[in-house]
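This report refers to the structure that appears directly beneath it.
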Amino acid sequence: MSLSIRNQLPGTVTGITAGEAMATVTVRLDGGQDITAAITLDAVKDLGLAEGSAVRALVKSTEVSLATGTVEGLSIRNQLPGTVDDVVAGGAMASVKVSVQGGELTSAITKDAVTDLALVPGSSVVALIKSTEVSLATA
């Protein structure tokens with residue numbers, strides 16, 4: 001299956017916390033950092049997820065926010081440090097490629113945000129991703 005989702009990071013399930021309808025699934029990415037996905041219990045069952053399952057964490061580029069440093073006091077669970085590799089700006093929007101341990105993320109943000117954050121290749125950033133915006137696929 002081919003997908004338009006650019007951000008596909010391989011990893012291994014290290015924990016599942018089940019609620020009544022939803023679960024949080026912790027994935028250790030191949031680069032060593034953890035990412036949390038909030039998915040339905042039905043999805044956990046349908047995918048056959050358990051500790052040790054190989055998965056891919058999928059995130060649309062529009063759901064990856066960027067900060068110039070770690071952000072405290074924030075409900076966003078996933079904060080992945082990285083380095084800007086490339087910035088392609090259009091009239092209103094920009095595509096920013098960020099290297100993180102074990103992979104690459106693309107963030108679609110406004111051109112104004114690129115300017116305000118002074119993002120250029122080599123800039124240190126932190127990719128912020130809400131756990132509800134992380135989908136999982138079996139590898």
Side-chain angles (χ1 to χ4, degrees):
M1 172 191 310
S2 296
L3 297 172
S4 64
I5 297 175
R6 297 181 196 189
N7 300 315
Q8 300 185 26
L9 301 171
T12 304
V13 173
T14 58
I16 299 172
T17 304
E20 290 184 27
M22 299 287 292
T24 56
V25 179
T26 304
V27 175
R28 172 73 38 93
L29 300 176
D30 285 357
Q33 62 276 63
D34 290 334
I35 192 167
T36 300
I39 62 175
T40 65
L41 278 179
D42 287 341
V44 170
K45 292 175 189 172
D46 291 346
L47 293 170
L49 297 181
E51 286 190 32
S53 296
V55 295
R56 284 193 171 280
L58 309 171
V59 184
K60 291 176 60 176
S61 61
T62 53
E63 301 303 332
V64 178
S65 297
L66 299 176
T68 55
T70 303
V71 182
E72 299 292 327
L74 190 65
S75 66
I76 295 175
R77 306 284 17 123
N78 302 306
Q79 297 192 30
L80 304 175
T83 304
V84 173
D85 284 337
D86 191 31
V87 178
V88 177
M93 297 296 293
S95 177
V96 181
K97 290 189 180 184
V98 177
S99 288
V100 296
Q101 288 182 345
E104 183 178 79
L105 290 171
T106 298
S107 175
I109 60 176
T110 65
K111 182 179 166 186
D112 289 343
V114 169
T115 301
D116 291 347
L117 297 174
L119 299 180
V120 296
S123 298
S124 292
V125 293
V126 176
L128 306 168
I129 307 165
K130 291 179 67 171
S131 60
T132 53
E133 300 304 328
V134 178
S135 297
L136 297 176
T138 52

Side chain to side chain contact (heavy atoms under 4.5 Å, CB included) between L9 and V27, worked out: CA-CA 10 Å; L9 301 171; V27 175; over 6 Å; no

query: At what distance, to the nearest 0.5 angstrom, does OG1 of T40 lie from CE of M22?
result: 6.5 Å

- prompt: Just how far is it from atom CG of L29 to atom CZ of R56, taken to the nearest 0.5 Å?
  reply: 11.0 Å

- request: Would you check if there is a donor-acceptor pair between the side chains of S99 and D85 at a distance under 3.5 Å?
  value: yes

- line: Between S123 and A118, the two heavy atoms sitting closest are OG-O, 3.6 Å

Cluster overlap V126 with V114, hydrophobic side-chain contacts below 4.5 Å: no

task: State, to 0.1 Å, how close L41 and A23 come at their nearest heavy-atom pair, and which atoms those are.
output: CD2-CB, 3.8 Å

Check: Q33 main-chain N/O paired with Q101 side-chain donor or acceptor under 3.5 Å: no

statement: Separation between CD (E51) and OG1 (T12), nearest 0.5 Å, reads 11.0 Å

- prompt: Are M93 and I109 co-members of a hydrophobic cluster defined by side-chain heavy atoms under 4.5 Å apart?
  reply: no

task: Report the C-alpha separation of K60 and N7 in whole Å, then their side-chain angles, then the decisive distance to 0.1 Å, and conclude whether the side chain to side chain contact (heavy atoms under 4.5 Å, CB included) test is met.
output: CA-CA 6 Å; K60 291 176 60 176; N7 300 315; over 6 Å; no

Spatial distance of atom OG1 (T106) from atom CD (Q8) [nearest 0.5 Å]: 11.0 Å

message: Membership question, hydrophobic clusters at under 4.5 Å side-chain separation (ILVMFWY): are V120 and V87 in the same one?
response: no

- prompt: Is there a path from L128 to V98 through hydrophobic residues (I, L, V, M, F, W, Y) whose side chains come within less than 4.5 Å of each other?
  reply: no

message: Would you say I16 ends up clustered with L47 if hydrophobic residues are merged whenever their side chains have heavy atoms under 4.5 Å apart, either directly or through other cluster members?
response: yes

query: Do any N or O atoms from the side chain of S107 and from the backbone of V64 form a donor-acceptor pair under 3.5 angstrom?
result: yes

task: Enter the distance from L66:CG to I129:CD1 here, rounded to the nearest 0.5 Å.
output: 9.5 Å

- line: Value for CD1 (I5) from OG (S135), rounded to nearest 0.5 Å, stands at 5.5 Å

- request: Answer yes or no: is there a side-chain heavy-atom contact under 4.5 Å between L105 and K97?
  value: no

field: Min side-chain heavy-atom separation T70-E72 under 4.5 Å
entry: yes

task: Indicate the atoms forming the closest heavy-atom contact of A57 with L136, along with that distance.
output: CA-CD2, 4.0 Å

query: V25 and I39: side chain to side chain contact (heavy atoms under 4.5 Å, CB included), yes or no, with the steps?
result: CA-CA 8 Å; V25 179; I39 62 175; 4.0 Å; yes

message: Set out, in order, the CA-CA distance, both residues' side-chain angles and the distance that settles side chain to side chain contact (heavy atoms under 4.5 Å, CB included) for S95 and R6, then state yes or no.
response: CA-CA 11 Å; S95 177; R6 297 181 196 189; 3.6 Å; yes

- prompt: Does the side chain of L58 come within less than 4.5 Å of L3's, by heavy atoms?
  reply: yes

